[in-house]
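First comes the structure, then the notes that go with it.
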Amino acid sequence: MTKIAIINGPNLNLLGKREPELYGNKDFDAYFLQLQSHFIDFCLTHYQSNVEGELINEIQRVGFDVDGIILNAAAYTHTSVGIGDAIKAIAAPVIEVHISNTFSREDFRHTSFITPNAKGLILGFGLDAYRLAIESFLPKL
Ligand code: DQA
């Protein structure tokens with residue numbers, strides 16, 4: 001079974017309550033259950049933290065075990081050299097996702113310490129970004 005770890009950064013525990021016009025009305029736990037029942041051939045896990053070092057610990061913990069990581073580092077995307085370095089250090093490919101289109105927002109959201117070390121980037125499709133990212137691990141046409 002393909003093992004995929006979803007790792008979410010700061011404030012994503014508030015999905016459903018937080019700025020719903022930008023991030024939608026659904027909380028991530030409910031969405032994660034939908035992902036699990038849709039992708040029955042995948043072993044999916046979900047970890048969320050508001051703490052930068054904890055996210056680095058989790059990336060290191062799963063990074064030599066899983067087949068891929070889907071990472072929404074949220075605000076740390078734009079600031080964290082440490083998370084960027086952690087992605088470079090591990091074996092698993094990382095798909096960077098964002099719920100919103102960060103390039104249509106403030107200038108400081110146009111910088112990412114994740115993208116240079118990620119396999120790919122999906123943004124602007126709402127929560128569906130996570131489904132699209134998992135699909136990138138399916139066999140190619
Ligand atoms: C986000 C975009 C980031 O700029 C922001 O800080 C977030 C969420 C997104 O998923 O659209 O917290 O990563």
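These numbers come from the heavy atoms of this one structure, side chains and all, not from hydrogens, waters or symmetry mates. One-based numbering, in listed order, for ligands and for the atoms of each.
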Derivation of the side chain to side chain donor-acceptor pair (under 3.5 Å) call for Tyr23 and Asn11: CA-CA 11 Å; Tyr23 298 118; Asn11 302 305; over 6 Å; no
Parallel, tilted or perpendicular: rings of Phe39 and Phe42 (30°, 60°): perpendicular
Residues lining ligand 1 [heavy-atom distance under 4.0 Å, listed by chain and residue number]: Arg18, Tyr23, Asn72, Ala74, Ala75, His78, His98, Ile99, Ser100, Thr102, Arg105, Arg109
Inter-residue atom distance Ile4.CD1 - Ile69.CD1, 0.5 Å rounding: 9.5 Å
Aromatic ring pairing His98/His78, orientation class (parallel under 30°, perpendicular over 60°, tilted between): parallel
ILVMFWY network linking Phe113 to Ile70, side-chain heavy atoms under 4.5 angstrom: no
Donor-acceptor pair, side chain of Ser80 and main chain of Thr77, under 3.5 angstrom: no
